[in-house]
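Down below is the structure, laid out as structure tokens.
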Amino acid sequence: MEYQDIIRDWKQQKFKSLYWLEGEEDFFIDQVTSYAEHELLPESERGFNLTVLYGKDTDWSTVINACRRYPMFAERQVVLLKEAQAMRDLLKLETYIDNPLTSTIFVVAHKQGKIDGRSKMAKLIKEKGVLLSTKKLYDNQLPAWVESYVSSRSLAISQKAAILLVDHIGNDLSRIANEIDKLLVNLPAQKKIDEGDIEKYVGISKEYNVFELQNALGQKNSAKVYRIITYFAANPKAAPIQMTLPALYNFFAKVNLIFSVKGGEKEVAAALGVHPFFVKDYMNAARQYGPDGTEKAILLLHHYNLRSIGINDSGVEDGELMKELMYKVMN
């Protein structure tokens, strides 16, 4: 079950006695727990029938007593256990999970890990309640997720704008969602978010960013490469060298994989684990550099990454390091 399915069921007044939320992606867990805390009960009932507990500050008996309490002047109560992974005697909740109270909606948020699927507890959760097991999205899934998230708010976003946002923020769904929500406040009447909106409201230049540098370098477009790194040197917060070099290293590492892939763009996208929108850029870079040039770029990026953190370096400015590196990679 996906997190949207749980919230959809709740909106349709379909409830289970237990919701166990676990896994690596905090964002999905936070979406469900936030809805449980702020939307499941009318505001007039929350004072009596909403209990929020934290794993590090509570114990099993307190949690079970809260769950076994009957709602006051209402059909149901909500008990929310946050940070359940920090609760030392968590497994002692088995007795309640085996026989839950139907008038209690018990929501457990167990972040950054899962309980042992072979345990009695795991079997009881699946039998008696709803299990949401979350995973981090792969990089190639992020642009599509952004488009879906924007669409759920009755707007649209261009593919390039979505990629620009993801490229800048990385695999942090909470931050991405926060930036999108800020955009929606500023663009109430607009039907499609474009790169200009990302530049204006998120503060990411649509021309001077790591994504554009990566493309220019892949094309060996030296004029554009030097224009971008000159901008970076003048605006060090826009793309710090310690963030830029690993991104470029990752780009060439994926280019290097192309030489062992058989098939066309579809097969390359699958092998590289990238969004299909990017594939032509990687394939073009493979043609420009060939196996030897790609390997040379990877070795140079590794060497200059060490220099950027002070290893075997005499204190050259980041901007000069980048210029030197770009010249060596493209020649």
Side-chain touch Ile157/Lys192, heavy atoms, less than 4.5 angstrom:
no

For the pair Thr58 (side chain) and Gly55 (backbone), establish whether a donor and an acceptor sit closer than 3.5 Å, ignoring hydrogens and angles.
no

Closest non-hydrogen contact found for Pro143 with Val166 is N-CG2, 4.1 Å

Donor-acceptor contact present, side-chain Asn171 to main-chain Leu137, <3.5 Å: yes

Take atom NE2 in His302; do more than 12 heavy atoms of anything else shown fall under 6.0 Å from it?
no

side-chain hydrogen bond (donor to acceptor under 3.5 Å, both in side chains) filter on Ser148, not counting sequence neighbours, yields none

Which pairs would a plain distance check flag for residues 110-124, meaning a side-chain donor or acceptor within less than 3.5 Å of a matching protein atom at least two apart in sequence or in another chain?
from	atom 1	to	atom 2	distance (Å)
His110	ND1	Gly113	O	3.2
Lys111	NZ	Asp30	OD1	2.6
Gln112	NE2	Glu24	O	3.4
Gln112	NE2	Asp26	OD1	2.7
Gln112	NE2	Asp26	OD2	3.2
Lys114	NZ	Ser133	OG	3.0
Asp116	OD1	Arg118	N	2.9
Asp116	OD1	Arg118	NE	3.1
Asp116	OD2	Arg118	NH2	3.2
Ser119	OG	Asp116	O	2.7
Ser119	OG	Ala122	N	3.2

(message) Under a 4.0 Å threshold between the charged nitrogen and the carboxylate oxygen, would Arg153 count as salt-bridged to Asp181?
(response) yes

May I ask you to test the Tyr19-Val32 pair for a side-chain heavy-atom distance under 4.5 Å? no

Separation between CG (Leu301) and OG1 (Thr244), nearest 0.5 Å, reads 11.0 Å

Heavy-atom closest pair (Lys135 atom, Phe28 atom, distance to 0.1 Å) is O-CE1, 4.0 Å

Distance col, row Met243:CE vs Leu248:CG, nearest 0.5 angstrom, shows 11.5 Å

Would you indicate whether the side-chain heavy atoms of Asp281 and Gln214 approach each other to under 4.5 Å? no

- Task: Over 60° means perpendicular and under 30° means parallel, so classify the ring planes of Tyr3 and Phe27, tilted if in between.
- Result: perpendicular

Side chains of residues 91-107: which donor-acceptor partners sit under 3.5 Å, not counting sequence neighbours?
from	atom 1	to	atom 2	distance (Å)
Tyr96	OH	Leu101	N	3.1
Thr104	OG1	Cys67	O	2.7
Thr104	OG1	Gln77	NE2	3.0

Fill in: Same cluster (ILVMFWY, side-chain, under 4.5 Å), Leu164 and Val146
yes

Next item on the list: Report yes or no: do Leu80 and Leu40 belong to one cluster of Ile/Leu/Val/Met/Phe/Trp/Tyr joined by side chain heavy-atom distances under 4.5 Å?
Entry: yes

In this structure, CG of Leu155 is separated from CD1 of Ile193 (nearest 0.5 Å) by 5.5 Å

So do Lys182 and Tyr201 actually touch side chain to side chain, heavy atoms under 4.5 Å?
no

Apart from Ile309 itself, members of its ILVMFWY cluster (side-chain separation under 4.5 Å) are Leu306, Ile311

Discussion item. I'd like to check Glu75 versus Pro71 (side-chain heavy atoms, cut-off strictly below 4.5 Å). Are they in contact?
Written reply: no

Compile the donor-acceptor pairs under 3.5 Å between side chains in residues 317-328 and protein atoms, sequence neighbours left out, one pair per line.
from	atom 1	to	atom 2	distance (Å)
Glu324	OE2	Tyr304	OH	2.3
Glu324	OE2	Arg307	NH1	2.9
Lys328	NZ	Tyr304	OH	2.9

Nearest heavy-atom approach of Ala239 to Val210 is CB-CG2, 4.0 Å

Which of Ile64, Leu53, Asp89 passes side chain to side chain contact (heavy atoms under 4.5 Å, CB included) with Asp59? It is Asp89

Quiz prompt | Whether Asp57 side chain and Tyr54 backbone form a donor-acceptor pair below 3.5 Å | solution = no

The residue among Asn250, Ile298, Thr294 that forms side chain to side chain contact (heavy atoms under 4.5 Å, CB included) with Val255 is Thr294

| field | Short side-chain donor-acceptor distance under 3.5 Å, Glu147 and Trp145 | value | no

Flag yes if Val52 and Trp20 sit in one hydrophobic cluster, no otherwise; membership is Ile, Leu, Val, Met, Phe, Trp, Tyr, and two members link when side-chain heavy atoms are under 4.5 Å apart. no

task = Give the C-alpha distance, both sets of side-chain angles, the deciding distance and a yes or no for side-chain hydrogen bond (donor to acceptor under 3.5 Å, both in side chains) between Asn65 and Thr62.
result = CA-CA 5 Å; Asn65 287 337; Thr62 302; 5.8 Å; no

With a 4.5 Å limit on heavy-atom distance, are the side chains of Asn49 and Glu45 in contact?
yes

Exercise. Does Val279 share a hydrophobic cluster with Tyr289, counting links as ILVMFWY side-chain heavy atoms below 4.5 Å and allowing steps through other members?
Worked result: yes

In this structure, OH of Tyr35 is separated from OG1 of Thr33 (nearest 0.5 Å) by 13.5 Å

In this structure, OH of Tyr231 is separated from CG of Asn209 (nearest 0.5 Å) by 9.5 Å

From the list Val130, Val108, Leu18, side chain to side chain contact (heavy atoms under 4.5 Å, CB included) partner of Ile125 resolves to Leu18

Discussion item. Using a 3.5 Å distance criterion without hydrogens, assess whether the side chain of Thr51 forms a donor-acceptor pair with backbone atoms of Ala66.
Written reply: no

(Q) Taking Lys224 first and then Glu212, would you say they form a salt bridge - that is, a charged N and a carboxylate O separated by under 4.0 Å? (A) yes

Is Asp197 salt-bridged to Lys200, going by a charged N under 4.0 Å from an acidic O? no

key: Any side-chain heavy-atom pair of Tyr208 and Arg227 under 4.5 Å   = yes

- Under 4.0 Å between a Lys/Arg side-chain N and an Asp/Glu carboxylate O for Glu37 and Lys82? yes

Here the pair of heavy atoms bringing Val78 nearest to Ala36 is CG1-O, 4.1 Å

What pairs of donor and acceptor atoms, side-chain ones from residues 256-272 against any protein atom, are under 3.5 angstrom apart with sequence neighbours left out?
from	atom 1	to	atom 2	distance (Å)
Ser260	OG	Leu257	O	2.9
Glu267	OE1	Gly264	N	2.8

query: Are Ile229 and Leu300 connected in the hydrophobic side-chain network, where two residues link if heavy atoms are under 4.5 Å apart?
result: yes

Distance col, row Phe48:CZ vs Arg69:CZ, nearest 0.5 angstrom, shows 10.0 Å

### Query
So with a 6.0 Å cut-off around CD of Gln141, is the heavy-atom count from everything else above 12?
yes

Item to check | Side chains of Phe211 and Phe251 in contact at under 4.5 Å (non-hydrogen atoms) | outcome: no

